[in-house]
Amino acid sequence: MAPADKIRGGDAVNLILKDTRLDGDLRFTSQLVVAGLIKGNIRCESMLVIERGGRVEGRVEAPVIIVHGELEGTVLATQSIEIWSGAKVGGDVAARSVRVDEGAMLTANLLIAADLPDHLGPPEPEQTPVPASDEPVAAASPAPVEPPVTETRPAAPMSPPVSFLSSGPATGRG
């Protein structure tokens with residue numbers, strides 16, 4: 001899909017062209033096509049298309065996300081995400097429907113469900129590193145040790161994150 005196809009059709013399209021870089025919190029009410037680089041939070045109320053050579057890093061929300069380039073971060077596709085051949089997607093991805101073409105790379109914690117929220121929750125606060133000091137740190141007195149608590153039922157197994165290189169089309173519907 002070329003961005004010019006939608007422009008000729010008369011629909012409003014936001015274009016982030018090759019060699020363009022945007023940083024920050026961005027909100028779009030119409031379709032967004034990225035051929036450059038965006039770092040930050042994106043909320044798109046229409047379709048988000050990441051062209052081959054385009055890259056998006058950050059928290060991303062859109063009804064439909066189509067990836068030909070690269071997408072890394074926390075992603076919510078309230079309808080569907082399509083990861084085309086040659087594309088790379090990583091991070092935490094949630095969608096109602098997922099399509100991964102042969103030759104695409106999806107390395108993510110993946111959630112496919114029908115009952116997704118409309119928006120991502122607030123971002124987790126960033127941890128600020130404590131600067132190193134040349135002065136010795138006083139040792140704290142050890143806390144009293146509590147006896148271990150024994151559990152009477154087995155814990156539920158944790159499922160590992162989904163990570164694969166696709167070898168054929170895959171779709172999932174919740």
Side-chain angles (χ1 to χ4, degrees), residues 1-3 5-6 9-16 22 24-126 151 153-174:
M1 175 176 142
D5 292 342
K6 287 294 181 183
D11 295 339
V13 177
N14 298 288
L15 300 173
I16 309 302
L22 296 178
D25 295 342
L26 306 168
R27 186 173 191 153
F28 299 90
T29 57
S30 58
Q31 182 177 346
L32 172 61
V33 177
V34 179
L37 170 65
I38 296 180
K39 286 187 173 189
N41 302 327
I42 299 173
R43 181 177 288 175
C44 183
E45 296 175 16
S46 185
M47 182 185 306
L48 167 62
V49 178
I50 303 170
E51 294 284 343
R52 192 168 307 279
R55 181 167 173 84
V56 174
E57 300 173 14
R59 295 170 55 83
V60 178
E61 300 175 23
V64 176
I65 300 173
I66 299 174
V67 185
H68 297 279
E70 297 180 29
L71 174 58
E72 180 74 35
T74 302
V75 179
L76 173 62
T78 56
Q79 292 177 19
S80 66
I81 184 168
E82 297 178 10
I83 306 166
W84 289 57
S85 182
K88 295 179 182 178
V89 175
D92 295 312
V93 177
R96 286 191 175 96
S97 173
V98 176
R99 171 187 159 181
V100 181
D101 283 354
E102 182 176 355
M105 185 182 299
L106 173 61
T107 307
N109 293 316
L110 180 62
L111 172 64
I112 303 171
D115 58 344
L116 294 173
D118 290 336
H119 299 289
L120 290 172
E124 294 179 11
E126 292 185 24
E151 188 166 328
R153 59 185 169 89
M158 293 186 60
S159 58
V162 174
S163 177
F164 64 91
L165 179 61
S166 81
S167 60
T171 58
R173 297 186 198 276

Heavy-atom pair of closest approach, residues Ser46 and Gln31: CB-N, 3.5 Å
Could you tell me which non-hydrogen atom of Cys44 sits nearest to which non-hydrogen atom of Ser30, and how far apart they are? SG-O, 3.6 Å
Where Gly86 and Arg52 come nearest, the two heavy atoms and their spacing: CA-NH1, 3.9 Å
From Glu82 atom CD to Asp101 atom CG, the distance as rounded to the nearest 0.5 Å: 8.0 Å
Rounded to the nearest 0.5 Å, what separates atom CD1 in Ile83 from atom CZ in Arg99? 10.5 Å
Using the rule given for side chain to side chain contact (heavy atoms under 4.5 Å, CB included), can you reason through Arg55 versus Glu72, listing the C-alpha separation, both sets of side-chain angles and the distance that settles it, and then say yes or no? CA-CA 8 Å; Arg55 181 167 173 84; Glu72 180 74 35; 3.9 Å; yes
Would you give the length of the straight line joining atom CG of Leu26 to atom CZ of Arg43, rounded to the nearest 0.5 angstrom? 12.0 Å
Nearest heavy-atom pair of Glu51 and His68: which atoms, and what distance? C-CB, 3.8 Å
Residue pairs involving residues 24-40 (criterion salt bridge (Lys or Arg N to Asp or Glu O under 4.0 Å); sequence neighbours excluded): Arg27-Glu45, Lys39-Glu57
Partners passing side-chain contact (heavy atoms from CB on, under 4.5 Å) against Ala94 (at least two apart in sequence or in another chain): Leu76, Leu111, Leu116
Do you know which of Val34, Ile66, Val64, Asn14 makes side chain to side chain contact (heavy atoms under 4.5 Å, CB included) with Leu48? Val34
Exercise: identify the closest heavy-atom pair between Arg96 and Ala114: NE-O, 2.8 Å
Measure the CD-CD1 distance between Gln79 and Ile65 for me, rounded to the nearest 0.5 Å. 10.5 Å
In this structure, which one of Val33, Ile38, Val56 forms a side chain to side chain contact (heavy atoms under 4.5 Å, CB included) with Ile50? Val56
Per the side chain to side chain contact (heavy atoms under 4.5 Å, CB included) rule, which among Ile81, Val89, Val67, Leu71 passes with Leu106? Val89
